[in-house]
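One-based numbering along the sequence shown. As a basis for the values below, the full set of heavy atoms in this structure was taken, side chains included, without hydrogen atoms, waters or symmetry mates.
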Amino acid sequence: MMKKLISLMLTLLVLLCATSAFAKTVKVKENVASFDIYMDVPKGVAIKPEDDQGAMVATLAPTVKDGVVPEYLLTIAAAEEYDNRSMADLSDAEKQQIVDSWSVNMHEPTYVFVSADNGNPMLVMEENTEQNDFALLLTLYKGYFLSISARYDDFRKLSVDDITLMYELGNGIEFRDKK
């Protein structure tokens, strides 16, 4: 367990130092409460939006180079229990509640809280077992959860590059308050 956590933390440390070539900044969702959501989209990634019972869902589809790529799913949904609060406003106990509720179906989750370049706190969680390899990046802004999940359909192991792209997508998210 400790080795997995250290591995995840080292991977994220490398990611914090990495730079990425971004093609453009796009508006992912507008008119969410009192803010819009923008995202830096790396070259070769397409956003395919869907609406799923009030939650905004989008598949982030990287260009396939050498066969199969993981599915990256972006979800934005209201979190009424957190009203108008953001991840930075939460106590450690409340953050632990989020970890517990989002990892309930994981067997051996590892997680770490990191800050995006813009200061936005993010939870990065991963499960890497024989049965499952799944990663999740999650933040909370003004009562809305925004998550990016990464997994292969056949649950094969996510590579460092796969998790790097998930982190870069999350790091490129910007919440713009309306005036």
Contact summary for M106 and F134, nearest pair of heavy atoms: CE-CD2, 3.3 Å

Is the Y144 to F35 ring centre distance short of 6.0 Å? yes

Measure the shortest side-chain to side-chain distance between M122 and F113 over non-hydrogen atoms and say whether it is less than 4.5 angstrom. no

Is a side-chain donor or acceptor of D133 paired with a backbone partner of L158 at a separation under 3.5 angstrom? yes

Minimum side-chain heavy-atom gap D162-V160 below 4.5 Å: no

S86 side-chain N/O to D89 backbone N/O, donor-acceptor pair under 3.5 Å: no

State plainly whether the residues D36 and K178 are in salt-bridge range, i.e. N to O under 4.0 Å. yes

About how many Å separate CZ of R176 and CD of E174, when rounded to the nearest 0.5 Å? 4.0 Å

Picking from T164, L169, L165, N171, what satisfies side chain to side chain contact (heavy atoms under 4.5 Å, CB included) with Y167? N171

Residues at least two apart in sequence or cross-chain that pass ring pair (Phe, Tyr, Trp, His ring centres under 6.0 Å) with F145, listed by chain then number, are Y82, W102

Counting only heavy atoms not in D177, do more than 12 sit closer than 6.0 Å to its CG atom? yes

Does E81 have more than 12 heavy atoms from other residues, nucleotides or ligands lying within 6.0 Å of its CD? yes

Is the backbone of P109 close enough, under 3.5 Å, to the side chain of E127 for a donor and an acceptor to pair up by distance? no

Residues L137, E126; criterion side chain to side chain contact (heavy atoms under 4.5 Å, CB included); working and verdict: CA-CA 9 Å; L137 183 142; E126 182 183 13; over 6 Å; no

Applying side chain to side chain contact (heavy atoms under 4.5 Å, CB included), can you list everything that pairs with D161, at least two apart in sequence or on another chain? S159

Derivation of the side chain to side chain contact (heavy atoms under 4.5 Å, CB included) call for I98 and M87: CA-CA 10 Å; I98 289 173; M87 192 73 85; 4.3 Å; yes

Any side-chain to backbone donor/acceptor pair from T139 onto P121? Under 3.5 Å, distance only. yes

Step by step, work out the side chain to side chain contact (heavy atoms under 4.5 Å, CB included) result for Y72 and S149. CA-CA 5 Å; Y72 295 93; S149 61; over 6 Å; no

Measure from the side-chain N and O atoms of N118 to the backbone N and O of I173, and report whether any donor-acceptor pair falls under 3.5 Å. yes

Does K142 make a cation-pi contact with F175, if we ask for NZ or CZ under 6.0 Å from the ring centre and within 45° of the axis? no

Are V124 and V114 packed together at the side-chain level, in the sense that at least one heavy-atom pair is separated by less than 4.5 angstrom? yes

How far does CG of L138 sit from OG of S103, to the nearest 0.5 angstrom? 11.0 Å

Atom pair CG/CD of D117 and E168 - distance to nearest 0.5 Å: 10.0 Å

Mind listing the closest non-hydrogen atom pair of L123 and M125 along with its distance? CD2-CE, 3.5 Å

Test side chain to side chain contact (heavy atoms under 4.5 Å, CB included) on I37 and L146 and set out the steps. CA-CA 10 Å; I37 302 170; L146 185 142; 4.0 Å; yes

List the residues meeting side chain to side chain donor-acceptor pair (under 3.5 Å) with Q96, not counting sequence neighbours, and say none if there are none. D100, Y111

Determine the minimum heavy-atom distance between G170 and I148, stating which atoms define it. N-CD1, 3.6 Å

